[in-house]
Amino acid sequence: MPASRKLIQSRIKSVKNTRKITKAMEMVAASKMRKAVAATLRGRPYVVLARETMEAVMERSGSALVHPMLVAGSGDRELVILFTSDRGLAGGFNVNIGKFAREQMKSFGDTDVVAVGKKGSDAMQRLGYNVVASFTGLGNAPKYSEVIPIARLAIDGFTQGKYKRVRLFYTHYISGITQTPKMLTVLPYGEGGSEPTARSTPSSEYTIEPNAKELLSRMIPNLVMTAFYQALLESSASEHAARMLAMKNASDSARDMMESLTFTYNQVRQAGITQEIAEISSGAAALA
Amino acid sequence: MSKLHYQIVTPERVVQEGEADSVSVMTNMGEITVLPHHVPLLSLMKAGELTIRNGGNTEYFASSTGMFEVRDGSSIVVLADTAERSDELELDAITAAKQRAEDGLAAIKNGTATDFADATAHLEREMARYRVAMKKGKSKQHRAEA
């Protein structure tokens, strides 16, 4: 059966080529993931220190402190920031966060969506959500300065009384194989339910310049931006981890497929040889 | 003599931490120098130079806006939006960036207040980087002469 042999051969070749691609994507994703995870970890000290500082201000000022960013906004709309990836082939990454966000959003009132990443933007638009802005091309190693416009949009919307709350939906990176969708309320600040940091400073003798209110007006937006930045980094790390796993699975099944095809190929080849020998020997027998 | 423990952090990384004799920071109300046993203090920072003296060594940083905190008298935390050590700065690139910032500022003089504030902040940051980069250039010359 020479025709079928050729068919199987070309099939093996094509699977082999596909496997080369998935293997390459797997390795690229692995190295990008390492970078994204490192960036996430590098950013953590700032978050911890800034929150400690924030707590010192709040503690010092006590209940006398009223700041517009600490209470729910006067608006009647909700703002949701959805972090997804620009590219697909990342397993269930975009599907999972999208599903989680839609599930949570059911209980919200009127909601505006800001999509970060092309996939989320496309999906939300298709599903008929009110996508007010979409940011794409933030890529693999996002810079802090790149999230400022996104955060600015949210903060301005909140302070101008358009939104009641600002929430982030992103994929939290736990490990190379586990990532979970997460919701974080960034505005009003402090509603996110972050556990208090372990720090004991006798805050009574604190000098605050120029005053607590002005300091908070600077600090809260800063913390909000940092939350955006961290969410973007986490999401990027998760994206690459998910892609790495998806590509690893694809490479593995390509190898299995190649093995079974090679087995079939050998069987067909052996069947051909056996048949030829049978023909020759029966021909010889007929002559004798 | 007791020393100060300092940490300079930005959202992107920990720029530097260590021990020092004194740390000078540009606050909204002028430059202040923090020595060990300073009272706990929390203040906003302007874009400017940040100077760290330790023994005979002086290190310069260009920092943008942010805040800083003196904790327990001997620990200082600088939370800056961006900060760079002088030897990370490239004078040529900064001169160009400063020029761009100035041009940008001139171009939007008639724009909105926010645009103007953004451009001013940008220019201030580039000016700070420029000054620190100039200092680094000088200290290099000194070394060459010596």
Side-chain angles (χ1 to χ4, degrees), chain A residues 38-61 141-149 151-152 156 199-230 232-233, chain B residues 5-18 25-32 34 37-47 63-84 97 101 112-115 117-119 121-122 125-126 129:
Chain A
T40 314
L41 296 179
R42 272 203 308 274
R44 285 208 178 135
Y46 183 92
V47 180
V48 173
L49 290 168
R51 265 183 34 207
E52 285 176 359
T53 302
M54 185 74 195
E55 271 167 34
V57 180
M58 307 256 261
E59 203 180 304
R60 170 88 169 81
S61 325
K143 281 201 180 119
Y144 181 61
S145 55
E146 286 177 292
V147 301
I148 293 176
R152 177 65 58 202
D156 287 350
R199 180 193 174 194
S200 54
T201 311
S203 54
S204 53
E205 46 179 346
Y206 248 87
T207 314
I208 296 179
E209 276 175 9
N211 56 52
K213 186 158 187 191
E214 205 164 309
L215 203 77
L216 284 183
S217 301
R218 250 315 298 260
M219 270 178 83
I220 297 175
N222 244 353
L223 281 166
V224 171
M225 281 179 193
T226 321
F228 273 74
Y229 182 61
Q230 281 286 320
L232 186 62
L233 290 177
Chain B
H5 179 77
Y6 70 91
Q7 282 172 287
I8 303 171
V9 287
T10 69
E12 282 180 14
R13 65 194 173 127
V14 177
V15 180
Q16 189 161 315
E17 59 179 311
V25 200
M26 205 57 160
T27 74
N28 277 12
M29 321 182 80
E31 186 176 4
I32 67 162
V34 178
H37 306 299
H38 196 283
V39 289
L41 169 74
L42 202 66
S43 176
L44 288 175
M45 242 167 38
K46 262 208 315 209
S63 108
S64 62
T65 49
M67 53 224 143
F68 84 98
E69 191 187 354
V70 182
R71 299 178 170 182
D72 309 328
S74 52
S75 156
I76 173 163
V77 175
V78 178
L79 298 165
D81 292 345
T82 65
E84 291 143 302
T112 65
T114 333
D115 285 347
D118 282 351
H122 188 202
R125 194 179 73 218
E126 291 307 334
R129 297 177 73 203

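The chains referred to below are lettered A, B, ... by the order of the sequence lines, with proteins before strands, and numbering in each begins at 1.
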J.: So, for A/L49 and B/R71, which heavy atoms are closest and what is the spacing to 0.1 Å?
T.: O-NH2, 3.3 Å
J.: Of all the heavy-atom pairs spanning A/Y46 and B/M67, show the shortest one and how long it is.
T.: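 Looks like OH-CE, 4.2 Å.
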J.: Going from CE on A/M225 to CG on B/D81, what distance comes out if it is rounded to the nearest 0.5 angstrom?
T.: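 If we round to the nearest 0.5 Å, A/M225:CE and B/D81:CG are 8.0 Å apart.
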J.: With a 4.5 angstrom heavy-atom cut-off, which part of B/V14 approaches chain A: side chain, backbone, both or neither?
T.: both
J.: List for me each residue that meets side-chain contact (heavy atoms from CB on, under 4.5 Å) alongside B/M26, sequence neighbours excluded, and say none if there are none.
T.: B/E31, B/K46
J.: At what distance, to the nearest 0.5 angstrom, does OG1 of A/T226 lie from CG of B/L79?
T.: 9.0 Å
J.: What residues, two or more places apart in sequence or in another chain, satisfy side-chain contact (heavy atoms from CB on, under 4.5 Å) together with A/L41?
T.: A/V37, A/R44
J.: Just how far is it from atom CD of B/E69 to atom CD of A/E52, taken to the nearest 0.5 Å?
T.: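 These two atoms lie 8.0 Å from each other.
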J.: What's the shortest heavy-atom distance between A/L215 and B/S43, and which atoms?
T.: CD1-C, 4.0 Å
J.: Let me know if B/T10 has heavy atoms under 4.5 Å from chain A in its side chain, its backbone, both or neither.
T.: backbone
J.: Taking side chain as everything from C-beta outward and backbone as N, CA, C, O, which of these in A/Y229 sits under 4.5 Å from a heavy atom of chain B? Side chain, backbone, both or neither.
T.: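 Just the side chain, heavy atoms under 4.5 Å.
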J.: Rounded to the nearest 0.5 Å, what separates atom CG in A/N222 from atom CG in B/L44?
T.: 9.5 Å
